[in-house]
2 protein chains.
Amino acid sequence: MQSKTNFRDVFYISDGTAITSETLGHAVLGQFPIEIAQKTLPFVETVERAEQVKTLINQKAKESGTKPLVFFSIVVPEVKLIIEQADAHFYDVLNCLVDPLKRDLDLEPSPQLHRSHSIEKDAASYQNRIAAVEYTLAHDDGVSLSNLDLADIILLGVSRCGKTPTCLYLAMQFGIRAVNYPFIEDDMAKLKLPKEIEPYRFKTFGLTIDTERLMAIRHERYANSDYASQEQCEKELNRVESLFRREAIPYLNTTTLSVEEISTRLLELSGLKRSMW
Amino acid sequence: MQSKTNFRDVFYISDGTAITSETLGHAVLGQFPIEIAQKTLPFVETVERAEQVKTLINQKAKESGTKPLVFFSIVVPEVKLIIEQADAHFYDVLNCLVDPLKRDLDLEPSPQLHRSHSIEKDAASYQNRIAAVEYTLAHDDGVSLSNLDLADIILLGVSRCGKTPTCLYLAMQFGIRAVNYPFIEDDMAKLKLPKEIEPYRFKTFGLTIDTERLMAIRHERYANSDYASQEQCEKELNRVESLFRREAIPYLNTTTLSVEEISTRLLELSGLKRSMW
């Protein structure tokens with residue numbers, strides 16, 4: 001039996017993917033000084049499955065000697081009713097906003113199964129998003145500089161400054177067609193934009209990073225290489241940053257930023273219309 | 001002035017990326033029969049920026065003749081206070097769960113800026129996630145079948161059945177190292193698993209898709225090609241599905257599923273530990 005005072009079992013439960021419950025639960029729990037063991041249970045759609053889940057929650061309550069915390073979003077009333085009989089604290093992640101909205105809008109909600117992350121929600125936007133992932137993959141790391149007229153954004157930077165994960169996140173979450181191009185020695189000596197990118201400088205942005213951080217990242221890939229040396233990293237960063245300045249390409253330092261933060265800032269900088277999937 | 005009764009301006013506002021506010025706002029608004037125009041305002045961290053945002057909300061309220069809906073999460077009290085003076089309905093996406101949690105846990109929360117999607121939250125887990133994206137990219141579409149011992153999951157299927165976007169989503173959102181391998185004519189004639197994958201069948205899963213849907217997707221890429229023909233699609237799908245059955249590889253039909261739903265179901269099937277970023 002776990003007897004640490006501030007330990008809790010946490011469940012994220014949904015009749016859909018449980019992504020919304022999990023995202024929100026994480027964000028809220030991060031504010032409390034507790035240790036947690038988490039379990040996500042998606043697609044709880046039937047009475048039978050609900051009974052299993054109830055049993056699992058009760059078992060954890062018994063083992064730990066404290067009530068588990070359950071963040072959930074379930075539409076079907078019979079399923080919800082069973083889950084709520086478990087020995088736990090319950091947080092209905094959507095309902096706590098649905099009730100005030102209902103009042104303010106003076107409208108009745110019509111809850112729908114699997115609403116948040118299903119294709120049916122908006123098939124055209126889903127297709128566009130998958131097409132954006134494909135476009136972005138085909139234009140990763142300078143592989144192709146064709147069809148740049150179709151790009152929403154073009155990112156430049158030295159090798160390993162965060163371009164690829166950022167582009168994939170932009171495509172996957174926002175349906176944005178993102179091209180990235182790494183500067184190699186040759187471009188840097190000339191300090192010029194590639195001619196294919198020149199006509200699209202209005203949608204071109206730079207990424208940079210602190211020397212220490214770049215050395216650490218490159219070192220992890222090729223330990224003790226010239227590529228990871230302070231001299232090389234410093235030289236590349238200096239050259240590329242002066243290129244950005246000379247060419248008036250807006251740029252961002254990624255050293256302390258996650259892909260979510262880099263992507264969000266790029267959307268702000270570029271004025272691209274943002275819509276989370 | 002917009003005068004449709006059920007039209008509303010919607011704002012998602014945060015001192016961080018606003019991803020949590022936007023995700024939740026979408027999920028809740030999807031339940032109401034209203035038309036919306038949405039705007040996301042991340043990184044509202046200063047009094048000056050808050051004043052600008054307040055002005056923008058008030059302007060929209062005036063233009064539309066109805067109060068905008070504001071989904072927000074802001075930690076700094078001075079900033080929050082200014083925003084809340086705007087002429088709008090407000091929904092604090094985290095607080096509606098923080099209050100009951102505070103009561104149930106009998107603990108005080110300590111709200112922190114940029115908590116949800118920052119690197120600082122958990123640097124090791126962030127590095128792991130970026131490494132998973134790199135591994136997954138290097139093992140996309142059969143490009144490499146080396147280091148499969150490091151894979152968390154291996155996906156098989158015909159060309160264009162959803163393997164690549166699913167693998168990238170698994171890597172980006174869950175930090176999972178995902179390999180995907182497309183069957184080409186040659187493997188299918190032999191109806192055998194590639195020998196490199198054979199030792200790892202315990203973590204191998206299949207994706208399949210309905211013929212009509214596959215034809216539509218392939219047609220979009222190569223219109224009127226043999227590749228997109230009913231005969232070819234049917235043949236490939238039949239052969240691959242019988243391979244899955246003969247080799248006892250669990251498989252999933254992706255026809256009506258989003259990458260979120262495919263990924264979530266694969267995590268369930270595989271028993272992989274799930275943790276959203």
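All values derive from a computational prediction rather than experimental measurement. Chain letters run A, B, ... following the sequence lines, proteins first and then strands; every chain starts at 1.
- The choice from A/Leu41, A/Leu107, A/Ile217 that makes the most heavy-atom pairs within less than 4.5 Å of chain B is A/Leu107.
- Proximity to chain B (any heavy atom under 4.5 Å) is shown, for A/Asn95, by neither the backbone nor the side chain.
- Top candidate by heavy-atom pairs under 4.5 Å with chain A, chosen from B/Pro100, B/Pro109, B/Ala131, is B/Pro109.
- In terms of the side-chain hydrogen bond (donor to acceptor under 3.5 Å, both in side chains) criterion, residue partners of B/Asp87 (sequence neighbours excluded) are, by chain and number, B/Lys67.
- If you tally non-hydrogen atom pairs under 4.5 Å between each of B/Leu69, B/Ile34, B/Thr264, B/Asp104 and chain A, the highest count goes to B/Asp104.
- Residues A/Phe90 and A/Phe72 form a side-chain contact, since some pair of their non-hydrogen atoms from C-beta on lies under 4.5 Å apart.
- Only the side chain of B/Thr164 has a heavy atom closer than 4.5 Å to any heavy atom of chain A.
- The contact between B/Ala18 and chain A is made by backbone and side chain atoms together, counting heavy-atom distances below 4.5 Å.
- Between B/Leu214 and B/Arg218 the shortest side-chain heavy-atom distance falls below 4.5 Å.
- Side-chain contact between A/Val76 and A/Thr46 is absent, with no heavy atoms from C-beta onward closer than 4.5 Å.
- Counting only heavy atoms from C-beta outward, the side chains of B/Pro182 and B/Lys163 approach each other to under 4.5 Å.
- A salt bridge does not link A/Lys39 to B/Glu268: none of the charged side-chain nitrogens sits closer than 4.0 Å to a carboxylate oxygen.
- Residue contact with chain B, scored on non-hydrogen atoms closer than 4.5 Å, involves the side chain of A/Ile130 exclusively.
- Evaluation of the side chain to side chain contact (heavy atoms under 4.5 Å, CB included) rule for B/Tyr222 yields B/Ser225, B/Tyr227 as partners, not counting sequence neighbours.
- Of the two parts of A/Glu108, only the backbone, made up of N, CA, C and O, holds a non-hydrogen atom closer than 4.5 Å to a non-hydrogen atom of chain B.
- Among B/Pro42, B/Gly25, B/Ala171, B/Pro165, the residue making the largest number of heavy-atom pairs under 4.5 Å with chain A is B/Pro42.
- Between A/Asn253 and A/Arg213, the side chains place no donor N or O within less than 3.5 Å of an acceptor N or O (distance only, hydrogens not considered).
- Ring geometry for B/His139 against B/Tyr135 counts as parallel: the plane angle stays under 30°, on a 0 to 90° scale with 60° as the upper cut.
- Chain A forms the most heavy-atom pairs under 4.5 Å with one residue out of B/Leu101, B/Leu97, B/Val28, and that residue is B/Leu101.
- For a residue to count as touching a neighbouring chain, one of its non-hydrogen atoms must lie under 4.5 Å from one of that chain's; by this rule A/Phe71 touches chain B with the side chain only.
- Heavy atoms closer than 4.5 Å to chain A are found in the side chain of B/Val133, but not in its backbone.
- For A/Leu137, the part lying near chain B is the side chain, with the backbone staying farther off; criterion is any non-hydrogen pair under 4.5 Å.
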